[in-house]
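What follows is a short report on a single structure.
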Number of protein chains: 2
Amino acid sequence: MWVMSLRIALLGLLTAYGSASGYDLTKAFERSVAHVWQAGHSQIYPELAKMTADGLVTVEAEGARGRKIYSITPEGREELRAWLLGHEPTGPARSEIALQAFLLPLLESGEARAVLQRLKTHMERRLTELEALWEARHAAPGLKGASGVRFGNLALDLGIRQMRTTLQWADDAIAQLGGQT
Amino acid sequence: MWVMSLRIALLGLLTAYGSASGYDLTKAFERSVAHVWQAGHSQIYPELAKMTADGLVTVEAEGARGRKIYSITPEGREELRAWLLGHEPTGPARSEIALQAFLLPLLESGEARAVLQRLKTHMERRLTELEALWEARHAAPGLKGASGVRFGNLALDLGIRQMRTTLQWADDAIAQLGGQT
DNA sequence: GGTTGACATGTAAGAAGTTACATGTCACTT
DNA sequence: AAGTGACATGTAACTTCTTACATGTCAACC
């Protein structure tokens with residue numbers, strides 16, 4: 001039917017935090033969900049307005065500086081639950097890295113190696129960030145879900161593993177190119 | 001600046017195939033690039049028209065049934081090359097699987113396990129498909145790039161590795177949930 | 001008292017992507 | 001001769017996403 005994963009991500013964050021403003025949610029996207037989904041405030045504010053109209057969230061209070069504090073409604077909770085339990089995620093995400101990988105053989109092997117090398121540097125930096133986040137989470141207390149798993153840890157773990165896999169792939173690809181200049 | 005990876009993917013396919021119609025390219029998307037990027041004909045036809053206007057491709061000939069055969073121009077080749085050499089791919093792809101992973105702790109652990117299990121089934125099916133594709137490629141001759149690597153193989157390899165990693169992650173996540181019901 | 005900077009919320013314009021609608025050709029079968 | 005189905009191309013309506021514009025509050029510092 002539709003996608004509307006932004007809606008789901010917002011409902012999830014609201015469930016985790018209890019209540020939050022559009023601004024908080026924007027920040028939360030940057031901090032926590034960023035490895036998984038991105039959205040700017042210009043997408044979040046209108047979406048929250050639509051979700052209010054649809055009864056999935058409510059404006060609980062208005063704070064200083066026009067700050068609106070949203071919280072999830074039972075309908076919202078139901079929507080989120082239904083998505084988690086019933087939505088079959090679409091397999092192959094659109095990935096620019098994979099597209100570059102696909103097209104790489106169009107380059108002469110020296111150039112291809114350079115591109116892979118740059119890719120590696122980029123990914124190593126991201127991996128370091130993710131690992132730092134992991135360390136930070138394991139040092140400090142955080143939000144726990146119903147299952148007792150720290151909120152977001154599963155996704156972070158997945159992100160780290162995928163990054164490592166991709167790095168390994170890049171290394172192997174470089175080796176493969178090296179052998180047949 | 002902008003993204004326009006569809007344009008890049010089309011240029012890449014045209015380079016690989018020499019020349020092709022919009023219809024061919026739509027099919028090529030389904031077959032070869034599908035694990036990496038998706039696009040329907042309703043996106044491809046208008047894009048080819050724009051690319052013709054921009055001088056990146058030309059209509060080389062018109063065949064039966066209104067079939068238009070496109071080929072890449074030197075400008076198009078340059079555009080593709082510049083992207084491959086110069087474009088820093090944006091790191092975290094938007095992934096519905098990762099979003100589910102992120103939100104999973106909101107469910108009670110029995111339900112979470114069921115979702116992971118369904119995810120696994122889904123991914124195992126996809127992995128089998130990818131592996132079959134791999135086998136097929138290693139049996140039959142195919143398009144080779146400048147570096148001598150079979151066109152698309154690097155991307156396919158990456159896809160298979162990532163799928164395996166994700167499956168392993170799902171197994172570990174299930175085990176982790178199991179221990180703390 | 002003025003400036004800076006984090007806080008806070010929105011709109012507008014345009015690009016990218018999806019789904020559905022719409023049309024027509026050609027080869028093969030019944 | 002009629003029907004089916006792969007071939008082939010397009011448009012329209014709509015959703016989603018990105019980038020840029022636009023405005024205003026409040027605290028702290030100088």
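We use all heavy atoms of the structure for the numbers below, so side chains are in, but hydrogens, waters and symmetry mates are not. Letters go in sequence order (proteins before strands), and every chain restarts at 1.
Comment: B:Arg81 engages A:Glu111 in a salt bridge, judged by a side-chain N to carboxylate O separation of less than 4.0 angstrom. In summary, B:Lys50 and B:Asp54 do not engage in a salt bridge, as defined by a charged side-chain N under 4.0 Å from a carboxylate O. The pair A:Glu131-A:Arg164 meets the salt-bridge criterion, since a charged nitrogen lies less than 4.0 angstrom from a carboxylate oxygen.
To the nearest angstrom, C1' of C:dT18 lies 15 Å from CH2 of B:Trp37. Following rounding to the nearest Å, A:Met4 (CE) and D:dT16 (P) show an atom-to-atom distance of 6 Å. Distance, A:Glu96 CD to D:dC17 C1': 14 Å, rounded to whole Å. Computed from coordinates, the B:Glu47 CD to D:dT9 C1' distance equals 16 Å when rounded to whole Å. In this structure, A:Gln38 places its CD atom 7 Å from P of D:dT18, rounding to the nearest Å. One interatomic measurement links the two molecules: NZ of A:Lys50 to C1' of D:dC17, which rounds to 11 Å at whole-angstrom precision. Rounded to whole Å, atom C1' of C:dG17 lies 16 Å from atom CG of B:Leu48.
Remark: A:Arg67 is in phosphate contact with C:dA8, judged by side-chain N or O atoms under 4.0 Å from OP1 or OP2. For A:Lys68 and C:dG10, the shortest distance from a side-chain N or O to OP1 or OP2 is below 4.0 Å. Listed pair A:Arg94 / D:dC17 fails the phosphate criterion, with no side-chain N or O lying under 4.0 Å from OP1 or OP2.
Here B:Gly66 lies in heavy-atom contact (under 4.0 Å) with sugar-phosphate atoms only.
Side-chain polar atoms of B:Asp172 and B:Gln168 form a donor-acceptor pair below 3.5 angstrom. Side chains of A:Thr165 and B:Thr165: a donor-acceptor N/O pair is present below 3.5 angstrom, by distance only.
Side-chain atoms of B:Gln100 come within 3.5 Å of backbone N or O of A:His87 as a donor-acceptor pair.
Considering all non-hydrogen atoms of both residues, B:Ser32 and A:Phe102 come closest at O-CE1, 3.7 Å. Contact record, B:Gly152 with A:Pro105: N-CG, 4.5 Å, taken as the closest heavy-atom pair. Between B:Leu48 and B:Gly22, the closest heavy-atom pair is CD1-CA, 3.6 Å. Summarising the geometry of A:Leu158 relative to B:Ala101, their closest heavy-atom pair is CD2-CB, 4.4 Å, with the distance given to 0.1 Å.
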Restricting both atoms to N or O, compile the protein contacts to nucleotides 11-13 of chain D shorter than 3.5 Å, with distance only.
none

Output a table of nitrogen or oxygen pairs between the protein and nucleotides 2-4 of chain C separated by less than 3.5 Å.
none

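Applying the ring-ring contact (aromatic ring centres under 6.0 Å, His included) test to every pair with at least one member in residues 39-62 of chain B, sequence neighbours left out, gives these pairs: B:His41-B:Tyr45.
Summary of the strand contacts: B:Arg65 and B:Tyr70 both lie near DNA chain D, and taking for each the nucleotide with the nearest heavy atom, the more 5' one is attributed to B:Arg65.
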| So A:Arg67 and A:Asp24, side chain to side chain contact (heavy atoms under 4.5 Å, CB included) or not? Walk me through it. | CA-CA 10 Å; A:Arg67 181 185 168 91; A:Asp24 294 336; 2.5 Å; yes
| query | What's the verdict on side chain to side chain contact (heavy atoms under 4.5 Å, CB included) for A:Leu103 and B:Leu11, showing C-alpha distance, side-chain angles and the deciding distance? | reply | CA-CA 10 Å; A:Leu103 300 175; B:Leu11 290 173; over 6 Å; no
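The hydrophobic cluster around A:Ile69 extends to none of the other residues, as no ILVMFWY side-chain heavy atom falls under 4.5 Å of it.
Residues from residues 16-30 of chain A placing a heavy atom under 4.0 Å of any atom in DNA chain C, listed by number, are A:Ser21, A:Gly22, A:Tyr23.
Annotation: the terminal axes of the helix from C:dG1-D:dC30 to C:dT30-D:dA1 meet at 0°, where each axis is the rotation carrying the C1' atoms of four end pairs onto the next four (5 pairs per end, rounded to 10°).
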